[in-house]
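Scroll down for the structure; my scribbles are underneath it.
In what follows, every heavy atom counts, from backbone to side chain, and hydrogens, waters and symmetry copies are set aside. Within every chain, numbering begins at 1; the chains are lettered A, B, ... in the order of the sequence lines, protein sequences first and strands thereafter. Fair warning: this is a prediction, and the values are worked out from it, not measured in the lab.
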Amino acid sequence: MVRKKIDYLASLNEVQRAAVESMEGAVMVIAGPGSGKTRVLTYRIAYLIENGIEPWRILALTFTNKAASEMKERIEQVVGPGARKVWMGTFHSIFARILRVEGHRLGYPNDFTIYDTDDSKNLIKDIINSMQLDPKVYKPGVVLSRISMAKSNLITPKRYANNDDLMVYDRMNRVPMIFQIYEKYTERCLRAGAMDFDDLLLQMFRLLYQNPDNVREKYNLAFSHILVDEFQDTNSLQYEIIKLFLDPNRENPNICIVGDDAQSIYSFRGATIDNILNFEKDFPQLQVFKLEQNYRSTKHIIGAANKVITNNDRQIQKKIWTEELEGHKIKLIKTVTDTEEGKRIADLIVEYKNRFHVKNSDMAILYRTNAQSRIFEEHLRRLNLPYKIYGGLSFYQRKEVKDVVAYMRLTINPLDDEAFKRVINFPKRGLGGVALNSIFMKAEQANISLYHACFETELSPKAKNAVNEFIRLIESFMQKNQESNAYETASYIVKKTGIMEVFKAENTLEAFGRMENINSLLDGVQEFVENDEFTEGEPVERNLSGYLQNIALLTDFDQKEEETDFVTLMSVHSAKGLEFDCIFVVGLEENLFPSYMSLSIPEQIDEERRLFYVAITRAKRFLVLSYANSRYQYGEIRMNDPSRFIEEIPIEHLEDNSPIKQKLILDKPKILGGIKPLDKKPVNDYSKEAQNFIPDHPDKIEENMRILHLKFGPGTITGIEGYKENRIARIDFDNLEGPEKRIVLKYAKLKILQ
DNA sequence: AACAATATCTTTTTT
DNA sequence: AGATATTGTT
């Protein structure tokens, strides 16, 4: 076959090209933001394929589905449909796929369920209750994260109990029974035929490590080239798995990792920078390529980013540079309240649209916590700006969607206790605490699933009836599933459960929305059935089981969009790997960004700084940073200082009228004054100007104005409370120590400067 | 058992 | 503040 040689290699710079062409052996690509990392990765895979490597012998692991599908698409553009046969996907989805085939060797059914975080927490809650422990002491979330930590470090329940450090730690925290909860949790997951997110990694490891039926060899031979994206975000378990995938018979295996230590932002879930550092030791013949030229951002943005990141000690030396223009300086916005921040940003978005013709879709608001999205949402809606929020509650996490999915899960895997609990009494069929408790007890004591316990539990006739009906319902779903595709079964389920009728009866706007969600869930199932795009060469079937497998690891990113030109709102974490013309990084305050959780631990501050680095390097042309003096947190108003990260940006990269810049300039005389006390002016020195001092009308005073006070001198209005004649201004006077003053405007006599 | 009222907790980030 | 969990009432 003669394939036209697409000249993609010519579009690469020297280092990029070298990285692409180094086909064999261990390769590490250190790639700064915007340095064409994805290009290198995709072209490398394309290059491998063009040079005779079978696509299905390439394993490429990414962190998000989005990254995977994007890369697949781009490879396909170069090498054609063969690209679809590359094993490309997230760690979790690829491992889930393999475990569907091999999991039986570890005692899991092929149709195992994937427990999401809610399922896990609910199960833990159950166990805590059944052990008669106080759920206020044993918080499910905390327990889960301990278990997760243990799993990521290959610590089994038994080893947990024998590990002094862990046990002492738990005892000190007054939760000495975690090891036992962990043990029960593991048993219950296995009994339910379920894996949680960590299990997808852990069981994959066990499979390769314990190597039943020499299954490891099968995969060692299958994959000749392995590539890992965002390697800085892998945890040690993921690294161990990667190593087990490598053929031990190869002296210098074909493994290529791509990453940037400066963008490592997932240490909270066990990711460790050590993986990058250890990589050099584990693969002595390693070739290293550093991509340092940035093709994304202007000089001001890169300058700021470079300077900020120097505040972190531990990093691989590199210097990011760009040939782009100087560009616009970074805009810094200071507001008094979080509400005002929302308004200012929304206004700015309109301004950027008008002045610079930036499209909505080229703008993104990035925040530290998802909870911050609401205010921006409100103000964007007020200005009729289309927007889309990523993260937070995803579609598949909504109650009604989870309920329908629970019915599907139970149909596929009746052992799935968490699904059972969700729907046993929804819609209501008159089963309450008493009846359910006896079922739970029975299951516990006979060590069987809840579903099977239904057959063996003594119940009141009324309850028995309801339970039998429920069982018959599920059985009819199983029957239907035998003879129908996923969509037919799903609509059958929705119809027979009568969920829609429940919402219809509610007759509220909210219930209407829920019905809509269930309909779009069904649409999604239908799309899955009709769309075999992803199936080529893959063992994913278009039945209900395949569908569940497909959605278990999906996030909001993977939803289809109808509207195309919308402003993006998301957490900084989810923005990794993306770029926008115009980026707004909001909520830059101490205690928020950096998060208060990280303040006391230097390593975590460094991680917050890397997060900030990621945030600002998303911007191509415009970067806006904002902070508010006060905001609602935990239902009360909190005052926070501006984030330390703002001050780490060299002043020459900030717009001239930036609040920090003004403050620094005005601060100078104060510092000098400290050296030369004589220079200190008496506070009322401004009275000299009294003759030509004409105060402005109080109603004209607004927030952020620079004003002159007859007695106190120049200052900045940091806030206004009250209305009309009762308006009180908070004023930060330049020459006054201590907190800002509150002055009733009616009496104040202020002159607006400029 | 179902619903209403009250108490509690949350907020770091994600597969 | 808002969602969720728990308790109280019918």
Side-chain angles (χ1 to χ4, degrees), chain A residues 61-68 89-96 114-118 120-122 125 129 135-136 139-142 144-145 148 151-152 195-202 204 230 233-235 237-238 264-271 338-339 366-375 390-394 396-397 399 425-437 460 462-463 466 551-558 570-576 587 591-599 601 604-605 607-608 610-612 614-615 631-638:
Chain A
L61 298 167
T62 64
F63 264 80
T64 61
N65 297 300
K66 190 168 194 270
T90 63
F91 281 88
H92 290 81
S93 68
I94 293 281
F95 295 170
I114 296 171
Y115 275 177
D116 67 13
T117 308
D118 283 342
S120 297
K121 274 190 198 163
N122 284 332
K125 223 178 281 175
N129 277 333
K136 275 166 199 150
K139 290 179 184 148
V142 174
L144 179 60
S145 71
S148 172
K151 285 182 172 180
S152 310
M195 295 196 200
D196 66 12
F197 286 140
D198 296 311
D199 278 327
L200 293 173
L201 307 180
L202 181 62
M204 188 68 233
E230 309 279 14
D233 288 330
T234 51
N235 64 27
L237 177 52
Q238 283 165 319
S264 156
I265 54 175
Y266 283 105
S267 77
F268 70 93
R269 67 174 196 210
D338 46 358
T339 319
L366 308 184
Y367 33 74
R368 180 65 180 82
T369 66
N370 282 311
Q372 287 164 259
S373 67
R374 259 212 13 245
I375 290 171
Y390 292 94
L393 209 45
S394 97
Y396 295 104
Q397 285 174 311
K399 239 179 258 135
N425 198 31
F426 182 84
K428 306 225 165 72
R429 41 179 76 87
L431 286 166
V434 183
L436 293 184
N437 238 333
S460 72
K462 213 168 92 186
I551 63 164
L553 300 167
L554 281 191
T555 58
D556 249 8
F557 270 119
D558 312 310
M570 62 176 129
S571 71
V572 181
H573 279 88
S574 16
K576 198 175 65 166
N591 296 317
L592 184 62
F593 197 173
S595 154
Y596 71 99
M597 300 289 287
S598 65
L599 291 183
I601 303 159
Q604 290 194 13
I605 288 285
E607 172 138 328
E608 297 280 321
R610 290 193 294 268
L611 196 54
F612 182 62
V614 168
R631 72 173 58 237
Y632 272 97
Q633 269 173 311
Y634 318 104
E636 60 180 7
I637 295 174
R638 297 272 182 108

Next on the checklist: From the set dA5(C), dT13(B), dA1(C), return the single nucleotide nearest to any side-chain atom of Lys125(A).
Outcome noted: dA5(C)
Not counting sequence neighbours, which residues clear side-chain contact (heavy atoms from CB on, under 4.5 Å) with [X]? List them please.
X: Ala552(A); value: Ile114(A)
X: Asp338(A); value: Ile375(A), Arg631(A), Tyr632(A)
X: Ala466(A); value: Leu431(A)
X: Asp118(A); value: Asp116(A), Lys402(A)

Protein and nucleotides 9-11 of chain B: nitrogen or oxygen contacts under 3.5 angstrom:
residue	atom	partner	partner atom	Å
dT11(B)	O3'	Tyr596(A)	OH	3.1

Next on the checklist: Regarding Thr117(A), tell me which of base, sugar-phosphate or nothing describes its non-hydrogen contacts under 4.0 Å with the strands shown.
Outcome noted: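 Base, at least one base atom sits under 4.0 Å.
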Next on the checklist: For a quick check of understanding: with a heavy-atom distance under 4.0 Å over all strands, which category does Phe593(A) fall into, base, sugar-phosphate or nothing?
Outcome noted: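 Answer is nothing: Phe593(A) stays at 4.0 Å or more from every strand.
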Strictly under 3.5 Å: I want the nitrogen or oxygen pairs between protein and nucleotides 1-5 of chain B, one per line.
residue	atom	partner	partner atom	Å
dA1(B)	OP1	Gly432(A)	N	2.8
dA1(B)	OP2	Gly433(A)	N	3.1
dC3(B)	OP2	Lys428(A)	NZ	3.1

Next on the checklist: Just to verify, what does Arg638(A) make a salt bridge (Lys or Arg N to Asp or Glu O under 4.0 Å) with, not counting sequence neighbours?
Outcome noted: Glu636(A)
Item to check | Set of salt bridge (Lys or Arg N to Asp or Glu O under 4.0 Å) partners for Arg269(A), sequence neighbours left out | outcome: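 Partners of Arg269(A) by the salt bridge (Lys or Arg N to Asp or Glu O under 4.0 Å) criterion come out as none, since no residue qualifies.
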Checklist entry - For dT15(B), does either OP1 or OP2 sit under 4.0 Å from a side-chain N or O belonging to Ser93(A)? => result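 For dT15(B), neither OP1 nor OP2 has a side-chain N or O of Ser93(A) closer than 4.0 Å.
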Checklist entry - Does the aromatic ring of Phe268(A) sit over the six-membered base ring of dT13(B), closer than 5.5 Å centre to centre and tilted less than 30°? => result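 Phe268(A) ring centre within cut-off of dT13(B) base, planes near parallel; stacks.
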Next on the checklist: Tyr266(A): which residues meet the ring pair (Phe, Tyr, Trp, His ring centres under 6.0 Å) condition with it, sequence neighbours left out?
Outcome noted: Phe268(A), His573(A)
